[in-house]
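One structure is given here, and the rest of the page talks about it.
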Amino acid sequence: MHILGLANGSINGNSTILLKAALQAASLSSPETTTSWIHIPSVSYPANAGPLSHAQDVSMGANAGNNAHGTSSTKVETVDDRKALYESIMDADAILFATAVYSHQPAGSLKAVLDKVLGPYTDPAFASRILAGQRAGDAKFAAMSVDTRILKPRVCGFMAVGGSTTPDQFTMALPTLHLFAYSLHARVIDQAVVMSCANPGAVVDAEDGAVMTRAAELGRRVASQLGKAFDEAVYLGPEVEGGCPHCHLAKYDFFGGAEGRMGCVVCGNTGRFIVRNGKVGVEWDEDSDYCCITWRGKEKHIDDIFKNGSKEWKGLQGKKEELEKWRALDVGRVTLPSEEQAGVVSAVAQMQL
């Protein structure tokens, strides 16, 4: 069994040190456990890069162009590390995320690169839908290819670290990390936020060693659930009062109404606020249609995307001329120095972003 670590901070900073502590403890917990790690800010890829060649066609073949974010206009030769990152994630049985926290959430380099290789391109519900369609002989799925590693059981753990001493500066750290777990249908086993560590290396002596001990504990917990299917793996991390039973966080979106309906900001699970004995609490729905962590929620999302996407595409067929006018309209785009250097100034105005 292999655990991959993704470090999203300074290469010798606090997030990397915590990650190494967790990986070391995980590997020592079993002789069959191996580890490796990738420094996310070092991952190189072309500006405005489109999907990798193996990526699932998330438009179901109706509008493959929607997969692209637009090709780079700079034409600068850049080594593309995304395939190596993707292969490492697909081969892993567990993933440990360790990140620095900037402005309440993980440093942006993590989301920037994972948006290019995960999300819809590694959606297990979509992959399952394709395979089922091929088994049933559905023509629209015939030419599609699926990396079956998308469907392997995975578990993961989160660590976020920053210099602030107050929790308000970490409000979106764990919620953002959950974005990368649910797209792989990986069970989160443990999650931790480390505060009051501003200087690189401060975690080594923080809280008289308790922070490093916590990182090692997280590594062992994740290792203990290796190889288990999503519904069999057990969450072993901290529980908070009123926490969602799926993401184990207490982040609410209040829908209003007489029944006090609300939802989980992190995963979409639904419920309602209740008052018992003068105390406000949460009553979660037993089987929500809107939780993106559950397989039921993932299937519902796929159905929604297919239905709405098909309707949109049909509507656009009668609006091609109008669409091209909007794409060609010049309202004063700023030409970047890299675009000027590449000699593509005239082409920039025609780019379809």
Side-chain angles (χ1 to χ4, degrees), residues 4-23 37-49 69 78 81-82 85-86 88-89 95-119 156-184 186 188 190-207 210-212 214-215 218-219 222 237-238 240 247-253 264-267 292 336 338:
L4 174 68
L6 301 180
N8 187 45
S10 302
I11 198 162
N12 288 315
N14 290 319
S15 58
T16 303
I17 292 171
L18 290 174
L19 179 64
K20 289 181 177 181
L23 290 174
W37 70 284
I38 293 174
H39 183 237
I40 289 295
S42 295
V43 175
S44 172
Y45 53 96
N48 227 5
H69 296 164
T78 303
D81 293 329
R82 292 177 301 148
L85 173 62
Y86 170 83
S88 295
I89 291 173
I95 304 173
L96 293 184
F97 296 83
T99 182
V101 175
Y102 301 157
S103 300
H104 299 234
Q105 61 182 334
S109 50
L110 182 65
K111 191 174 191 303
V113 68
L114 292 186
D115 277 349
K116 302 289 186 179
V117 298
L118 298 183
C156 64
F158 304 140
M159 290 180 288
V161 56
S164 178
T165 63
T166 58
D168 60 289
Q169 296 299 313
F170 298 85
T171 52
M172 296 304 295
L174 293 178
T176 302
L177 289 171
H178 273 268
L179 298 176
F180 313 123
Y182 82 73
S183 65
L184 289 169
V188 177
D190 197 1
Q191 51 193 338
V193 169
V194 176
M195 302 188 296
S196 306
C197 290
N199 293 306
V203 292
V204 172
D205 190 46
E207 299 180 22
V211 167
M212 296 295 287
R214 177 69 176 97
L218 185 144
V222 171
V240 296
C247 67
H248 305 279
L249 298 176
K251 307 287 185 179
Y252 308 130
D253 187 6
C264 175
V265 170
V266 182
C267 70
C292 63
L336 299 172
S338 58

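Everything quoted here is computed from the prediction, not taken from an experiment. The residues of the chain are indexed from 1 along the displayed sequence.
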Side-chain ([X]) to main-chain ([Y]) donor-acceptor, under 3.5 angstrom:
X: Asn14; Y: Ala202; value: yes
X: His248; Y: Val240; value: no
X: Gln191; Y: Cys247; value: yes
X: Lys251; Y: Cys267; value: no

Indicate yes or no: at least one non-hydrogen side-chain atom of [X] is less than 4.5 angstrom from one of [Y].
X: Cys156; Y: Asp190; value: no
X: Pro200; Y: Asn12; value: no
X: Leu118; Y: Leu179; value: no
X: Leu18; Y: Val161; value: yes
X: Leu96; Y: Leu218; value: yes
X: Thr99; Y: Gln105; value: no
X: Met195; Y: Gln169; value: no
X: Ile17; Y: Met212; value: yes

If you compare all heavy atoms of [X] against all heavy atoms of [Y], which two are closest, and at what distance to 0.1 Å?
X: Phe170; Y: Ser164; value: CE1-O, 3.7 Å
X: Gly9; Y: Ala100; value: CA-CB, 4.2 Å
X: Ile89; Y: Leu114; value: CD1-CD2, 4.0 Å
X: Asp81; Y: Ser42; value: OD2-O, 3.9 Å
X: Ala215; Y: Met159; value: CB-SD, 3.9 Å
X: Ala181; Y: Val188; value: CB-CG2, 3.9 Å

**Report entry** side chain to side chain contact (heavy atoms under 4.5 Å, CB included) partner of Leu6, the single match among Ile40, Val43, Leu19
**Finding:** Ile40
Query raised in the report: Would Leu177 and Leu110 satisfy side chain to side chain contact (heavy atoms under 4.5 Å, CB included), going step by step from the backbone distance to the final call?
Result: CA-CA 9 Å; Leu177 289 171; Leu110 182 65; 3.7 Å; yes
Query - Audit row: Arg214, Val194, side chain to side chain contact (heavy atoms under 4.5 Å, CB included) steps and yes/no - result: CA-CA 9 Å; Arg214 177 69 176 97; Val194 176; 5.9 Å; no
Query raised in the report: For atom CZ of Phe158, is the number of surrounding heavy atoms from other residues, nucleotides or ligands below 6.0 Å larger than 12?
Result: yes
Report task. Go through the steps to decide whether Leu85 and Lys116 satisfy the test side chain to side chain contact (heavy atoms under 4.5 Å, CB included), and finish with yes or no. Result -> CA-CA 10 Å; Leu85 173 62; Lys116 302 289 186 179; over 6 Å; no
Requested in this report: Can you label the angle between the Phe97 ring and the Phe180 ring as parallel, tilted or perpendicular, going by 30° and 60°?
Outcome: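 Phe97 and Phe180: parallel rings.
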Query raised in the report: So Ile95 and Val222, side chain to side chain contact (heavy atoms under 4.5 Å, CB included) or not? Walk me through it.
Result: CA-CA 9 Å; Ile95 304 173; Val222 171; over 6 Å; no
Query - CA sep, side-chain torsions, deciding dist, call: Asn8, Ser15, side chain to side chain donor-acceptor pair (under 3.5 Å) - result: CA-CA 7 Å; Asn8 187 45; Ser15 58; over 6 Å; no
